[in-house]
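Encoded as structure tokens, the structure appears first; notes follow it.
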Amino acid sequence: MLLAPISPLARQAYHLGKGPGVLVVAVDRMSEAFSRGLQPGMVIERIADQPVATPQAAERLLALAAHRARLVTLLVRWVQGPIWITLHT
């Protein structure tokens with residue numbers, strides 16, 4: 001998955017509002033993330049119950065989760081509201 005900071009243009013294009021998080025820009029169609037519903041335009045707000053403010057922080061939290069547990073939860077926001085997505089690490 002490819003993540004990016006949320007720019008003002010992205011906030012407008014995806015109707016994101018002013019909340020925190022990182023923007024999902026791309027998701028490999030063959031990945032578990034895609035099969036669980038993660039798609040471009042969504043915002044990841046939390047990973048393993050930790051707030052995420054930058055793509056680098058998201059990558060660090062995902063790597064840390066991979067060493068600590070078999071599953072990781074993502075709190076994801078999109079136009080239809082927030083959802084939790086659970087992924088294998």
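Just so it is clear, the values below take in all heavy atoms, side chains as well, and ignore hydrogens, waters and symmetry mates.
- One finds the CE atom of Met42 at 11.5 Å from the CE atom of Met1 (value rounded to the nearest 0.5 Å).
- Between Trp84 and Asp49, the closest heavy-atom pair is CH2-OD1, 4.5 Å.
- Taking CD of Glu32 as the start and OG1 of Thr89 as the end, the distance is 9.5 Å to the nearest 0.5 Å.
- Considering all non-hydrogen atoms of both residues, Pro40 and Val25 come closest at CB-O, 3.4 Å.
- Residues Gly41 and Leu16 come closest through the heavy atom pair O-CD2, 3.7 Å.
- From Leu38, atom CG reaches atom CD1 of Ile85 across 4.5 Å, with rounding to the nearest 0.5 Å.
- Criterion: ILVMFWY side-chain heavy atoms under 4.5 Å apart, direct or through other members. Under it, Leu2 and Phe34 are not part of a common hydrophobic cluster.
- Side-chain N or O atoms of Glu45 include none that pairs as donor or acceptor with a backbone N or O of Arg77 at under 3.5 Å.
- At a threshold of 4.5 Å between non-hydrogen side-chain atoms, the residues Pro55 and Val22 count as touching.
- Neither Val43 nor Trp78 shares a network with the other; the hydrophobic side chains, linked directly or stepwise wherever heavy atoms of I, L, V, M, F, W or Y lie under 4.5 Å apart, form separate groups for each.
- No donor-acceptor distance shorter than 3.5 angstrom exists from the side chain of Arg29 to the backbone of Ser35, with no hydrogens or angles considered.
- In terms of hydrophobic clustering, with Ile, Leu, Val, Met, Phe, Trp and Tyr side chains grouped at heavy-atom distances under 4.5 Å, Leu23 and Val76 are assigned to different clusters.
- Contact record, Val72 with Ala65: CG2-CB, 3.6 Å, taken as the closest heavy-atom pair.
- When the options Leu62, Ile83, Leu61, Val52 are evaluated for a side-chain contact (heavy atoms from CB on, under 4.5 Å) with Leu74, the one that passes is Leu62.
- Side-chain atoms of Leu3 and Ile44, non-hydrogen and from C-beta on, do get closer than 4.5 Å to each other.
- Between Val27 and Arg36 there is no side-chain heavy-atom pair separated by less than 4.5 Å.
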